[in-house]
**Student:** 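To start, I am sharing the structure in question, which I have written as structure tokens.
Each chain gets a letter, A, B and so on, in the order its sequence line appears, and its residues count up from 1. Values reported hereafter were calculated over all heavy atoms of this structure, with side chains retained and with hydrogens, waters and symmetry mates removed.
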Amino acid sequence: MRSLAILIALLLQASGAAAEAGDAERGAKIFRQCVSCHQVGDAAKNRVGPHLNGVFGRLAGTVTGFRYSDHMKRANADGLVWTFETLDAFLENPKSLVSATRMNFRGLKKAQDRADILAYLRQYSDKPSDIPESEPTLRDGGPNLDPAVLTLQGDPAYGEYLSSECTTCHQADGSNQGIPSITSWPAENFVVAMHAYKQQLRPHPVMQMLAGRLSDEEIAALAAYFGGLD
Amino acid sequence: MKINRRLFLGTSLTAAAGLAAPAVLGQARPRVVVIGGGAGGATAARYIAKDSKGAIDVVLIEPTRRYYTCFFSNLYIGGFRDMNSIGHGYGKLASDYGVNVVHDYAIGVDRSAKTVALAGGGSIGYDRLVLSPGIDFKEDALPGWDLSAQTAMPHAYKAGTQTELLKAQIEAMPAGGIFCMVAPPNPFRCPPGPYERVSMVAHKLKAENPTAKILIVDPKPKFSKQALFEEGWQNYYGGMIEWIGPDFGGDAVEVRPDTMEVVIDGAVEKVDVCNAIPAMKAGRIAELAGVTNDAGWAPVVPASMQSRMDENIYVLGDACHQGDMPKSGFSANSQAKVCAMSVRGTLTGSKVFPAKYSNTCWSLIETDDGVKVGATYKATEEKIAKVDGFISQTGEAAGLRKQTYEESLGWYAGITADMFG
């Protein structure tokens, strides 16, 4: 079991390294031929094909609300996980990997093109896994932050006072019944997410409005307080 | 059941009698009495008790042992929630936070003696009094209507038996019958509430009585989330709903509960169900305490929620007159936290931070089609003033609307946990 985990970790590292070889900017241009079916990034939705946020590391055929072909469902049952390698193979010739996929695309023959497009898509994956909407909505680059903002030591007591504004919707016990849990987050993730709302990079009107009037210190205080809740 | 109830009342009376000694004597802890166990009162009681960590004695006076939230009661009418799921008890406030919950009616406030009189006899002394009594109806505002009409023509604007009655009447409508809502004038509890209710009634009738009609008689020229509701009504319930605004006599209405007639600008309309929602005022205890204005609402200091007429009294939620915030459960919950902080500051010297207020109201138009409106507010000298706001847009994608509805379910779970522990 452990060796499998290590293998996966190595594969992920390898895919990360491989993806870095691609040119994301060039990849964005190549991706234009995909956009009639696939969306990625801010507010991406399922179209003819599923949205591609968070595709790296995801089990095939698992985007909520998308109706997959029987063959993609079989790939899912078989445990196909989208890594740099599997995506690279799929992009080269979709039907070579999933024989009757509905993805009618002739494939990208040049390895560099595939590397570039994957470098582009890579930016929309691997965000904090416990923020349900973070993958689809966080724009590449994230919020523009002074590094000092990330190292601010929040005062949890002040955060507790401020938190009463959050707990009208978010539950202090960390349960999620339709509104995401905000407890036990690493402080940095919390701070980045709140600033992304404040700078209107993450699209949720309530959160943009509430984060919009929080100071850097207040955000740090909330991160410290909620981070300490189980 | 009756024995239990009597026993329970007996217990609360004993508790009340035991509490009657003035808190100012001796070394007693300062006492805060909260009247009303809804979104304002329950939240205030919980936060004062929780954050003072035992330094303040908190008494909550609430007549009902099980509280049904007005928010989501329209979803009960539409069949999206059962009654039990919107009912809440006060057990955790007592057991987890040490709030002394007294199930009785407050019938008077003696502001010089600082005591509250209870219907069951006895009185309770206070150092600070928090009034969160919700709304009552102005008896003379809708011609033909008084409280005795509320069985024939339920308002269903206090959740519970009234809501069940209204739903039962809708279910008993003859095929092709008429449901009439007499909408209230401003200001009133839950601005989108009447229109969400119409949506839920339409949802129900569409399935059970598709030839029925809905008539809204409205004294207001416009209403909350109007474009969103009208778009939804057009899309889902085309032809079923007719809105009669003041231009067509919506502001000249008389009801006749005995004959189930509604007279609109002189024209008599026979209806099968009449949901008459009269003009509102602060819950009666606010008036009895002498903290209301001529319009029937209790003016408050924006920075603290203290009554402008008595600094030892705070007024929360629908009953208060504060400025730009809508009368909503969310607003009451938000105001309760500012109040709790101020109360603790004055009684125990704890730190008081600047007031922050916010509100969001979700409404359901049809299955999986939720919309919302919200704003943030700040305290100015004059009033609680709007800072920033947003509203759902017409023509939004179905996925977003579904997400908005699911978010409202999360909010309901969140705010009720915030109120009742």
Side-chain angles (χ1 to χ4, degrees), chain A residues 39 42-47 50-51 63-67 132-133 136-137 155 157-183 197-198 200 203-215 217-219 221-222 225-226 229, chain B residues 39 43 46-47 50-51 328-334 336-338 340-341 344 350-362 370 372-378 387-393 397-400 402-419 421:
Chain A
Q39 295 190 351
D42 185 29
K45 296 190 187 74
N46 294 334
R47 293 308 210 194
H51 74 73
V63 168
T64 311
F66 186 77
R67 278 183 54 240
E133 76 271 36
T137 60
D155 172 2
Y158 187 37
E160 181 172 11
Y161 155 68
L162 294 167
S163 75
S164 69
E165 191 162 39
C166 315
T167 54
T168 301
C169 298
H170 297 278
Q171 304 224 37
D173 68 4
S175 60
N176 172 356
Q177 290 167 267
I179 287 190
S181 166
I182 54 171
T183 60
Y197 283 125
K198 187 173 176 175
Q200 315 227 324
H204 192 277
V206 180
M207 288 308 303
Q208 287 183 356
M209 183 179 77
L210 292 170
R213 63 172 178 174
L214 292 173
S215 68
E217 287 73 21
E218 287 171 330
I219 288 173
L222 284 167
Y225 172 68
F226 281 113
L229 295 183
Chain B
T43 307
R46 179 169 167 263
Y47 272 77
K50 171 172 80 76
D51 295 340
S328 74
F330 197 123
S331 292
N333 171 270
S334 173
K337 291 160 185 173
V338 171
M341 181 174 59
R344 289 196 300 117
S350 67
K351 195 168 177 190
V352 178
F353 297 101
K356 281 190 176 194
Y357 300 102
S358 58
N359 175 63
T360 300
C361 290
W362 286 265
K372 63 188 169 190
V373 61
T376 52
Y377 305 86
K378 65 176 180 186
V387 178
D388 190 15
F390 67 88
I391 184 165
S392 296
Q393 301 299 303
L400 178 56
K402 182 167 191 273
Q403 199 179 312
T404 302
Y405 170 60
E406 284 163 0
E407 189 179 276
S408 76
L409 302 179
W411 164 76
Y412 187 90
I415 191 172
T416 50
D418 206 34
M419 290 162 61

**Student:** Is there a side-chain contact between B/Asp388 and A/Arg213 (heavy atoms, below 4.5 Å)?
**Tutor:** no

**Student:** To the nearest 0.5 angstrom, please state how far the OG1 atom of B/Thr416 sits from the CD atom of A/Gln171.
**Tutor:** 7.0 Å

**Student:** Please flag which part of B/Lys351 lies under 4.5 Å from any non-hydrogen atom of chain A: side chain, backbone, both or neither.
**Tutor:** neither

**Student:** Counting only heavy atoms closer than 4.5 Å, note whether A/Glu160 contacts chain B via side chain, backbone, both or neither.
**Tutor:** side chain

**Student:** B/Ser334: what forms a side chain to side chain donor-acceptor pair (under 3.5 Å) with it, not counting sequence neighbours?
**Tutor:**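 If we apply the side chain to side chain donor-acceptor pair (under 3.5 Å) test to B/Ser334, skipping adjacent residues, there are no hits.
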
**Student:** Could you state the interatomic distance from CG (B/Asn333) to CD (A/Glu165), rounded to the nearest 0.5 Å?
**Tutor:** 10.0 Å

**Student:** So which of B/Gly389, B/Ala340, B/Ala375 has the biggest tally of heavy-atom pairs under 4.5 Å with chain A?
**Tutor:** B/Ala375

**Student:** Let's test your reading of the structure: which of B/Lys356, B/Met419, B/Glu406 forms the most heavy-atom pairs below 4.5 Å with chain A?
**Tutor:** B/Lys356

**Student:** Could you work out, with side chain to side chain donor-acceptor pair (under 3.5 Å) as the rule, every residue matching A/Gln39, not counting sequence neighbours?
**Tutor:**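 If we apply the side chain to side chain donor-acceptor pair (under 3.5 Å) test to A/Gln39, skipping adjacent residues, there are no hits.
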
**Student:** Check the angle between the aromatic planes of B/Phe353 and A/Tyr161 and answer parallel, tilted or perpendicular using the 30° and 60° thresholds.
**Tutor:**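 Parallel.
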
**Student:** Most heavy-atom pairs under 4.5 angstrom with chain A, which of B/Tyr47, B/Trp411, B/Tyr405?
**Tutor:** B/Trp411

**Student:** Among B/Leu400, B/Val387, B/Thr376, B/Ile391, which residue forms the greatest number of heavy-atom pairs with chain A at distances under 4.5 Å?
**Tutor:**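 The residue among B/Leu400, B/Val387, B/Thr376, B/Ile391 with the greatest pair count is B/Thr376.
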
